[in-house]
Amino acid sequence: MENKHQITEKHISELYKFTREHFVVHYDVQTELVDHLANDIEQIFQAHPELSFQDAKIISFKKFGVFGFMDVVEQKQKAMSKRYWKILQRFLKEWFTLPKIILTGIIFMVFFTILQSTYAQEIIFGSILALVVVDLYYLFKSRHKRKINRVKKEKIFLLESMIGESRNGFSVLVFINVLNIINLSDASFSTMSVYLLSLVAVFATLMCLVFYITAFVMPSKAEELLIETYPEYKML
């Protein structure tokens, strides 16, 4: 006979389902909440053995407050965002070591040369448009893959989602905003000093590197990064 005061595998499955029903979509966040709920429910059973699992689950859930699991989800997202940026910085630093620093220098010189061109603004506008198209394509591709995984009920980790979607075209938006600022200030590349053009070229180079790393490098190393972050990922 099943002991109702003992958390079973069936109960654990119910708790996972319960977190999904309350808009917790990432498996690692679900697992953390399920562990917390299971431990709390066992303590509730000890204090109130007459309660059923469902009653104890509701009592435990109410302890999370009016917003339910949302505060926990937000905290996990902030913590994982910090880790995401540390990973990004790690890959970015690699570009300032040989032989990649040579390629970085070439990219800088290309931007610096373009900025001195008569058609600098037209070239930059065309480049931004191309980046927008590429960025949107990969974002759509990532979201489509995530949608398929959800239909298949595959476990999606928070970092996995961030690698696929969190950049949300930020590098392209930065480029567009910089171009808007230049247009609004009536500034022209042809009137800028060599030092200012150099700064613009450095900034553009960094944005290109960030775009390439977030759009191509990190997704290509997603499995390696997930195993590094989640020891249980390889088992799954």
Side-chain angles (χ1 to χ4, degrees), residues 4-89 135-136 138-171 173-174 177 214 218-219 222 225-233 235-236:
K4 73 173 184 177
H5 298 148
Q6 181 180 355
I7 300 297
T8 64
E9 289 297 324
K10 181 180 178 182
H11 291 150
I12 295 297
S13 297
E14 287 185 28
L15 290 176
Y16 271 107
K17 181 180 178 181
F18 184 72
T19 59
R20 288 193 296 270
E21 290 172 347
H22 287 80
F23 311 107
V24 182
V25 298
H26 299 108
Y27 180 72
D28 48 321
V29 184
Q30 292 173 4
T31 299
E32 185 172 319
L33 287 169
V34 167
D35 288 342
H36 178 85
L37 288 168
N39 291 330
D40 192 47
I41 289 171
E42 286 184 342
Q43 292 179 8
I44 292 172
F45 278 156
Q46 292 176 7
H48 304 281
E50 75 281 359
L51 293 176
S52 66
F53 172 77
Q54 296 299 329
D55 291 335
K57 179 181 71 177
I58 298 301
I59 292 173
S60 181
F61 177 63
K62 286 182 178 179
K63 294 178 181 179
F64 285 89
V66 178
F67 298 104
F69 298 136
M70 291 301 100
D71 288 339
V72 175
V73 171
E74 185 177 349
Q75 290 173 9
K76 291 294 292 182
Q77 287 176 337
K78 287 181 179 178
M80 194 55 68
S81 291
K82 291 180 180 179
R83 183 172 184 85
Y84 176 91
W85 282 104
K86 285 182 179 179
I87 293 171
L88 175 57
Q89 289 171 15
D135 207 24
L136 290 177
Y138 279 97
L139 284 173
F140 174 80
K141 187 176 179 181
S142 174
R143 288 174 182 171
H144 180 66
K145 181 180 178 181
R146 185 179 175 186
K147 185 177 180 180
I148 292 174
N149 287 345
R150 281 183 177 175
V151 172
K152 292 180 179 180
K153 296 183 179 179
E154 292 184 11
K155 299 175 177 65
I156 301 173
F157 289 78
L158 181 55
L159 180 60
E160 180 181 10
S161 179
M162 285 185 170
I163 290 173
E165 295 185 7
S166 284
R167 57 195 175 85
N168 285 328
F170 74 92
S171 55
L173 290 175
V174 170
N177 288 332
T214 56
M218 290 178 67
L225 293 170
L226 290 169
I227 292 173
E228 175 186 309
T229 305
Y230 308 106
E232 70 274 21
Y233 182 82
M235 297 173 62
L236 294 173

Q. Taking side chain as C-beta onward, heavy atoms only, is Arg83 less than 4.5 Å from Lys86?
A. no
Q. Between Ala38 and Ile12, what is the shortest heavy-atom contact and its length?
A. CB-CD1, 4.1 Å
Q. Atom CG of Leu37 and atom CZ of Phe18: how far apart are they, to the nearest 0.5 Å?
A. 7.0 Å
(Q) Centroid separation under 6.0 Å, is that true for the rings of Tyr27 and Tyr230? (A) no
Q) Would you say the side chains of Gln54 and Lys57 form a donor-acceptor pair under 3.5 Å? A) yes
Q: Determine which pairs satisfy salt bridge (Lys or Arg N to Asp or Glu O under 4.0 Å) with at least one residue from residues 26-39, sequence neighbours left out, and list them in order.
A: Glu32-Lys76
Q.
Centroid separation under 6.0 Å, is that true for the rings of Phe23 and Phe69?
A. no
Q | Least distance between heavy atoms, Tyr84 atom then Met162 atom | A | CE1-O, 3.7 Å
Q | Beyond-backbone contact of Phe53 with Leu15, side-chain heavy atoms, under 4.5 angstrom | A | yes
Q: Quick one: closest heavy-atom pair of Phe45 and Ala56, and the distance?
A: CE2-CB, 3.9 Å
Q.
Counting C-beta onward and ignoring hydrogens, is there a side-chain heavy-atom pair between Ile87 and Ile163 closer than 4.5 Å?
A. no
Q | Exam field: side chain Ser161 to backbone Leu158, donor-acceptor pair closer than 3.5 Å | A | no
Q.
Could you tell me if the side chain of Tyr16 sits less than 4.5 Å from the side chain of Thr31, heavy atoms only?
A. yes
Q. Are any side-chain N or O atoms of His11 and backbone N or O atoms of Thr8, one a donor and one an acceptor, separated by less than 3.5 Å?
A. yes
(Q) Once rounded to the nearest 0.5 Å, what's the spacing between atom CD1 of Ile44 and atom CG of Asp40? (A) 4.5 Å
(Q) Please confirm whether the ring centroid of Phe64 lies under 6.0 Å from the ring centroid of His22. (A) no
Q: Please say whether more than 12 non-hydrogen atoms of neighbouring residues, nucleotides or ligands are located less than 6.0 Å from CD in Glu9.
A: no
(Q) Val34 vs Thr19, test: side-chain contact (heavy atoms from CB on, under 4.5 Å). Steps then yes/no. (A) CA-CA 8 Å; Val34 167; Thr19 59; 4.2 Å; yes
(Q) Once rounded to the nearest 0.5 Å, what's the spacing between atom OG of Ser60 and atom CD of Glu42? (A) 11.0 Å
Q: Check for a donor-acceptor pair, side chain of Glu160 on one end and backbone N or O of Ala222 on the other, with a separation under 3.5 Å.
A: no
Q) Around Lys62, counting heavy atoms of other residues, nucleotides and ligands shown, do more than 12 lie under 6.0 Å from its NZ? A) no
